[in-house]
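To start, the structure under review is shown below, and the notes come after it.
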Amino acid sequence: MSLLEVKGLGKSFGGVRAVDGIDFHLAAGELLALIGPNGAGKSTTFNMVNGQLRCDSGSIRLHGQELVGLKPRQIWRMGVSRTFQIAETFASLTVVENVQMALLSADNKLFSMWRPAAAYRRDDAVRLLAQVGMESQADRPCSVLAYGDVKRVELAIAMANEPKLLLMDEPTAGMAPRERNELMGLTKRLVIDRGMAVLFTEHSMDVVFAYADRMIVLARGRLIAQGKPAEIRDHPKVQEVYFGSGKTFEKPGAAVKEAA
């Protein structure tokens with residue numbers, strides 16, 4: 001049984017059909033890349049799964065439970081976490097305090113004053129930081145971190161509710177090639193170790209082909225292809241729509257073209 005099942009998903013804005021009846025699934029332990037040219041419907045699809053947008057039609061089921069109609073916070077409490085294209089952390093707090101805030105929220109105690117927040121589950125927060133290679137920087141302010149390290153902290157924050165499904169919106173945006181590979185390699189290890197699933201959008205095709213187990217490709221709101229990276233690379237419709245006539249994906253190890 002798939003962890004996530006999306007069927008007949010549709011969304012319109014005025015007279016524009018942004019997402020037009022797409023179907024896909026995602027299994028535990030799998031990284032699924034959602035790609036397509038600008039205006040393909042990627043962000044709309046992503047935001048419907050997250051509950052930020054309500055679909056006009058279709059179904060989104062997590063372990064068989066319907067998500068359509070639920071608020072983002074309800075979906076988060078069911079084990080769906082998210083990272084953002086621009087990292088979301090509290091710059092004025094330390095690294096470990098950022099993770100502690102996420103743990104307080106996960107335990108529904110964010111506004112409880114029954115004990116000092118600075119002491120709340122610190123050991124658990126440090127363990128999460130250790131999983132992303134940030135334990136040694138636990139007491140540094142987030143404001144002084146390099147951008148790649150901020151993205152690692154954001155990943156630790158996303159792990160606070162022990163997610164079954166992690167949604168990553170442009171996870172490597174603004175990162176250097178080495179940082180991109182380190183972050184996605186770390187994500188891959190977490191997927192394997194925790195048995196969770198990842199749905200991610202990404203413009204860097206080198207990242208997509210190196211780390212995705214499968215890919216789904218949208219164009220003008222419709223699903224035009226899905227399959228393993230090798231199948232997508234050689235798919236004529238994907239080559240035509242994504243890159244234009246006569247352009248193709250290159251083989252692994254070559255300098256893969258990146259979408260604008």
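Count residues from 1 along the sequence.
Criterion: ILVMFWY side-chain heavy atoms under 4.5 Å apart, direct or through other members. Under it, M101 and W76 are not part of a common hydrophobic cluster. F84 and M184 sit in two unconnected hydrophobic clusters of ILVMFWY residues. Membership requires side-chain heavy atoms under 4.5 Å apart, directly or through other members. Follow the hydrophobic side-chain contacts under 4.5 Å out from M196 and you never reach I192; the two are in separate clusters.
For the pair L190/L155, a side-chain contact is recorded, criterion being any heavy-atom separation below 4.5 Å from C-beta on. Annotation: side chain of N38 is in contact with side chain of H203 (closest heavy-atom distance under 4.5 Å). At least one side-chain heavy atom of F24 sits under 4.5 Å from a side-chain heavy atom of L4.
The nearest pair of heavy atoms linking A156 to V132 is CB-CG2, 3.9 Å. L32 approaches H25 most closely through the heavy-atom pair CD2-O, 3.6 Å. Contact detail for G29 and V191: the closest heavy-atom pair is C-CG1, 3.4 Å. When all heavy atoms are compared, the tightest approach of R77 to A106 is NH1-O, 3.2 Å. Between M78 and L62 the shortest heavy-atom distance is O-CD2, 3.8 Å. Here the shortest heavy-atom pairing between L167 and V80 reads CD1-CG1, 3.9 Å.
For E97 (side chain) and T94 (main-chain N/O), a donor-acceptor pair under 3.5 Å exists by modelled atom type. Between the side chain of N47 and the backbone N or O of S43, at least one donor-acceptor pair lies under 3.5 Å. Between the side chain of K42 and the backbone N or O of P37, at least one donor-acceptor pair lies under 3.5 Å. In this structure a side-chain-to-backbone donor-acceptor pair under 3.5 Å is present from Q74 to K71. Counting only distance, with no hydrogens or angles, the side chain of Q100 and the backbone of Y120 share a donor-acceptor pair below 3.5 Å.
For the side-chain hydrogen bond (donor to acceptor under 3.5 Å, both in side chains) criterion with Y211, the lone passing option out of T172, T187, N181 is N181. Tested against E30, the residues R214, K164, K228 include a single salt bridge (Lys or Arg N to Asp or Glu O under 4.0 Å) partner, R214.
Q131 and R152 share no donor-acceptor pair across their side chains, judged by distance under 3.5 Å alone.
Between atom CD1 of residue I216 and atom CD1 of residue I22 there is a gap of 6.0 Å, rounded to the nearest 0.5 Å.
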Next on the checklist: For D193 and K188: C-alpha separation, side-chain torsions, deciding distance, then whether salt bridge (charged side-chain N to carboxylate O under 4.0 Å, His left out) applies.
Outcome noted: CA-CA 9 Å; D193 292 345; K188 186 85 170 181; over 6 Å; no
Checklist entry - T201 and D169: side-chain hydrogen bond (donor to acceptor under 3.5 Å, both in side chains), yes or no, with the steps? => result CA-CA 5 Å; T201 62; D169 186 8; 3.0 Å; yes
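One finds no salt bridge joining K151 and E179 here, because no Lys/Arg side-chain nitrogen approaches an Asp/Glu carboxylate oxygen to under 4.0 Å. R61 and E66 are joined by a salt bridge, as a carboxylate oxygen and a charged side-chain nitrogen come within less than 4.0 angstrom of each other. We find that D20 and R220 are not joined by a salt bridge, their nearest charged nitrogen and carboxylate oxygen being 4.0 Å or further apart.
D56 meets the salt bridge (Lys or Arg N to Asp or Glu O under 4.0 Å) test with K11; sequence neighbours excluded.
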